[in-house]
Number of protein chains: 2
Amino acid sequence: MWEKKDVQGLIKDALARKETLVLGASCEINYSGRAESQLARGDRVILIKSDGALLVHQPLGNAPVNYMKPGTAHTVHSEKDQLVLKSENLQQKEFLDVFVHAVHFFNSHKLEDGQKIILQGNEADMADMIYKQPDLIEKGFKPVSQEEQTKYGYVDVLGVDKEEVLTVVECKRYCADLAAVTQLRRYVERLMASKGLKKVRGILAAPKITANAQKMLEDWGYAFVSVEPPKYLERYNKSQKGLGEF
Amino acid sequence: MWEKKDVQGLIKDALARKETLVLGASCEINYSGRAESQLARGDRVILIKSDGALLVHQPLGNAPVNYMKPGTAHTVHSEKDQLVLKSENLQQKEFLDVFVHAVHFFNSHKLEDGQKIILQGNEADMADMIYKQPDLIEKGFKPVSQEEQTKYGYVDVLGVDKEEVLTVVECKRYCADLAAVTQLRRYVERLMASKGLKKVRGILAAPKITANAQKMLEDWGYAFVSVEPPKYLERYNKSQKGLGEF
DNA sequence: GGGGAGAGATGCCGC
DNA sequence: GCGGCATTTCTCCCC
């Protein structure tokens, strides 16, 4: 069993040495900043990183229940037989207090990691794919140069159709919703205004589209094209193919 | 120093007992699912929860670099003197492999927490505040009943101005952007169509608005009203007030 | 540093 | 389950 008095010293040392520290504890938590929160006593994992980032995780779920951004300063002290962790981010004007009732585990270690994650299959990769295979949109669709594209804002793919009508393609890697249609509409209107054109086509490229979004799309004279983002479920699809061969 | 062979057993036991486990290790990570990622060798903290959620944190930054959702199954085994953690979520068709080179620390514990966070100062609270103090929008603004509100969709506050013109108020707790204006526009148009009205006013209530959004708002004949969400920087403001008294 | 938009977004609530 | 939308969104990129 961990003595709170000992843990107080361990946390203090770990913070001073800029180590990453992990604390499993029964605690109460209060936060005040962009909003306010209270969390009554329960078991949580608290992670503090060398850049000052703090995360509080409950035993279930994906997202942290409380957190503080990098750049936060942390101090520990004792208060009426309680271990108190105070976190302040003065730039962000945010505050978080952890009142520790019991410590389940503690660890700290200097962690070294210069690697960056390589991620493939995002929306930019999807736009690249369409650039290289414009038939995915429709026959006769010709993308224009990348430079032209950035010039007129954040349009994913800009091109002309087989009748040389300027066409905006907005990519979504998920099921397209109302917001996606609104976004496409904004781009089309912006282009019509900036280029003084009467007709600019709008195409939404996504694996799926909701019924409401489809309706709004049609109301505005735009079109939907079903396109799967690259690398989507790649390993699953391979394993299924493997099974199918037997 | 931790022996990988020992840690393999510890992880296996912790998973079997549905404990929360924390692993500090040098590792490589590959992911395939909705996208694909590779992460070369480096030190990270890996958190696995009793519901199967997995989080991988690098030593810096707020967000996890890799993760798996609740419902994921985890197994450990040895492969060429390497400890390998394999995570599979068959419902989501997602896979994640962790190749452990060295273990810096490990802990596992059964965590109990039935508490839910209480958060105040979100957008719904902001809408409530406007309902109770309609003068925050403008003199003569009268909100209509909550039931009426839900009937026509997700309008934050629906009311009438001093000249009895139907008015949609969209709240944002942050600096309002182009998407916020588009959203307001969508609600106004939806209401005009469903009620057959020629004029419906649109008001964007937020602490700030970007210059572009302000312009688009004016182009469409809508208005901006500066409103701070409740509980915003409460503790900071109190401390400042305290200082000012001296 | 602000603005704009994506995210392996996630999570919540409604129907 | 899908749909619509907020999030203490966060993060990245570009100006």
Side-chain angles (χ1 to χ4, degrees), chain A residues 31-37 53-54 56 61-70 72 89 91-96 116-117 119-127 150 153-156 170-180 182-183 186-187 190 208-213 229 231-234, chain B residues 31-37 53 56 61-70 89 92-96 116-117 119-127 150 153-156 170-180 182-183 186-187 190 208-214 229 231-234:
Chain A
Y31 157 77
S32 177
R34 284 166 290 175
E36 274 199 25
S37 75
L54 176 146
V56 182
N62 223 345
V65 64
N66 275 120
Y67 56 91
M68 294 288 276
K69 288 185 179 170
T72 301
N89 191 317
Q91 295 89 41
Q92 308 259 348
K93 303 172 183 172
E94 302 208 299
F95 305 86
L96 184 133
K116 282 196 67 173
I117 193 168
L119 200 141
Q120 300 150 72
N122 54 13
E123 204 191 71
D125 294 331
M126 199 173 161
T150 55
Y154 301 85
V155 174
D156 287 333
E170 174 59 29
C171 302
K172 290 296 168 202
R173 61 188 314 289
Y174 52 86
C175 181
D177 55 11
L178 290 174
T182 326
Q183 193 181 352
R186 190 145 44 89
Y187 294 153
R190 189 193 291 177
K208 286 194 301 179
I209 186 165
T210 67
N212 279 347
K231 297 286 179 184
Y232 188 74
L233 303 185
E234 183 125 306
Chain B
Y31 157 78
S32 178
R34 284 166 291 173
E36 274 197 25
S37 74
V56 182
N62 219 349
V65 65
N66 276 118
Y67 55 91
M68 294 289 277
K69 288 183 181 173
N89 192 316
Q92 309 258 347
K93 302 173 184 174
E94 301 208 299
F95 305 87
L96 184 133
K116 281 196 68 174
I117 193 168
L119 198 142
Q120 300 151 74
N122 55 11
E123 205 191 70
D125 293 332
M126 199 172 158
T150 55
Y154 302 85
V155 173
D156 287 333
E170 173 61 29
C171 302
K172 292 293 170 202
R173 60 191 314 290
Y174 52 85
C175 182
D177 56 13
L178 290 174
T182 324
Q183 193 182 350
R186 188 146 44 89
Y187 294 152
R190 189 192 292 177
K208 285 195 303 179
I209 186 166
T210 67
N212 281 345
Q214 174 76 54
K231 298 284 180 185
Y232 187 73
L233 303 185
E234 183 126 306

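Below, read A as the first sequence line, B as the second, and so on, with proteins coming before strands; counting in each chain starts at 1. Because only heavy atoms are used, hydrogens play no part in the values below, and waters and symmetry mates are left out as well, while side chains stay in.
The phosphate of C:dA5 (OP1 or OP2) has a side-chain N or O of A:R186 nearer than 4.0 angstrom. OP1 or OP2 of D:dC10 has at least one side-chain nitrogen or oxygen of A:R34 nearer than 4.0 Å. For A:Q183 and C:dG6, the shortest distance from a side-chain N or O to OP1 or OP2 is below 4.0 Å. The phosphate of D:dG4 (OP1 or OP2) has a side-chain N or O of A:T210 nearer than 4.0 angstrom. In this model, the phosphate group of C:dG8 is not approached by any side-chain N or O of B:K69 to a distance below 4.0 Å at OP1 or OP2.
Residue whose closest nucleotide on DNA chain C sits further toward the 5' end, between B:D177 and A:G61: B:D177. Heavy-atom distances to DNA chain C give each of B:P70 and A:G121 a nearest nucleotide, and the one nearer the 5′ end belongs to A:G121. When each of A:Y31 and A:I209 is assigned the nucleotide of DNA chain D with its nearest heavy atom, A:I209 is the one assigned upstream, toward the 5' end.
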Polar atom pairs between nucleotides 12-15 of chain C and protein, under 3.5 Å, N or O only, would you list them?
none

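As rounded to whole Å, 15 Å separates atom C1' of C:dG4 from atom NZ of B:K208. Spacing between atom CG of B:N62 and atom C1' of D:dC12 amounts to 14 Å, rounded to whole angstrom units. For the pair B:Q214 CD and C:dG2 P, the computed distance is 18 Å after rounding to whole Å. Rounded to whole Å, the distance from CE on B:M126 to P on D:dT8 is 14 Å. One atom, CZ of A:R190, and another, P of C:dG3, lie 15 Å apart when rounded to the nearest Å. Rounded to an integer number of Å, the gap from A:E123 CD to C:dG6 P is 5 Å. Summarising the geometry, the separation between NZ on A:K231 and P on C:dA7 is reported as 16 Å, rounded to the nearest angstrom. Between the P atom of D:dA6 and the CZ atom of B:R173 lies a distance of 12 Å, rounded to the nearest Å.
Residues that satisfy the side chain to side chain contact (heavy atoms under 4.5 Å, CB included) test with B:K231, not counting sequence neighbours, are A:E36, B:Q120, B:E234.
Put simply, the side chain of B:R173 never gets that close to the backbone of B:M126: no donor and acceptor are under 3.5 Å apart. B:Y31 contributes a side-chain N or O that, together with a main-chain N or O of B:R34, makes up a donor-acceptor pair within less than 3.5 Å.
With no hydrogens or angles considered, a side-chain donor-acceptor pair links B:Q183 and B:K172 at under 3.5 Å.
For C:dG8 and D:dG4, the P atoms lie 23 Å apart once the distance is rounded to whole Å. Taking the P atoms as reference points, C:dA5 lies 23 Å from D:dT8, given to the whole Å.
Remark: D:dC14 base-pairs with C:dG2. Criterion, Watson-Crick or G-U wobble with two distances under 3.5 Å.
For A:N212, whose side chain is taken as the heavy atoms from C-beta onward, the closest listed nucleotide among D:dG3, C:dG8, D:dC10 is D:dG3. The side chain of A:L119 sits closest to C:dG8 out of D:dC5, C:dG8, D:dT8. Side chain of B:K172, nearest nucleotide from D:dG3, D:dA6, C:dA5: D:dA6.
Counting non-hydrogen atoms under 4.0 angstrom, B:Y232 reaches nothing in the nucleic acid. Heavy atoms of A:Y67 sit under 4.0 angstrom from at least one base atom. If you check every strand for non-hydrogen atoms under 4.0 Å, B:V155 touches nothing. Among the atoms of the strands shown, only primed sugar atoms or phosphate atoms (P, OP1, OP2) are found under 4.0 Å from some heavy atom of B:E170. Counting non-hydrogen atoms under 4.0 angstrom, A:E36 reaches nothing in the nucleic acid.
In plain terms, the two heavy atoms of A:C171 and A:A127 that are nearest each other are SG-CA, 4.2 Å. When all heavy atoms are compared, the tightest approach of A:N89 to A:Q91 is OD1-OE1, 3.2 Å.
Side-chain to base pairing of A:N66 with D:dT8: one donor and one acceptor N or O lie within less than 3.5 Å of each other. At a cut-off of 3.5 angstrom, counting only N and O atoms as typed in the model, there is no donor on one side facing an acceptor on the other between the side-chain of B:Q92 and the base of C:dG8.
Between A:C175 and A:T210, some side-chain heavy-atom pair lies under the 4.5 Å cut-off. At least one side-chain heavy atom of B:I117 sits under 4.5 Å from a side-chain heavy atom of A:V65.
The line from CG of B:L178 to CZ of A:R186 is 5.0 Å long, rounded to the nearest 0.5 Å.
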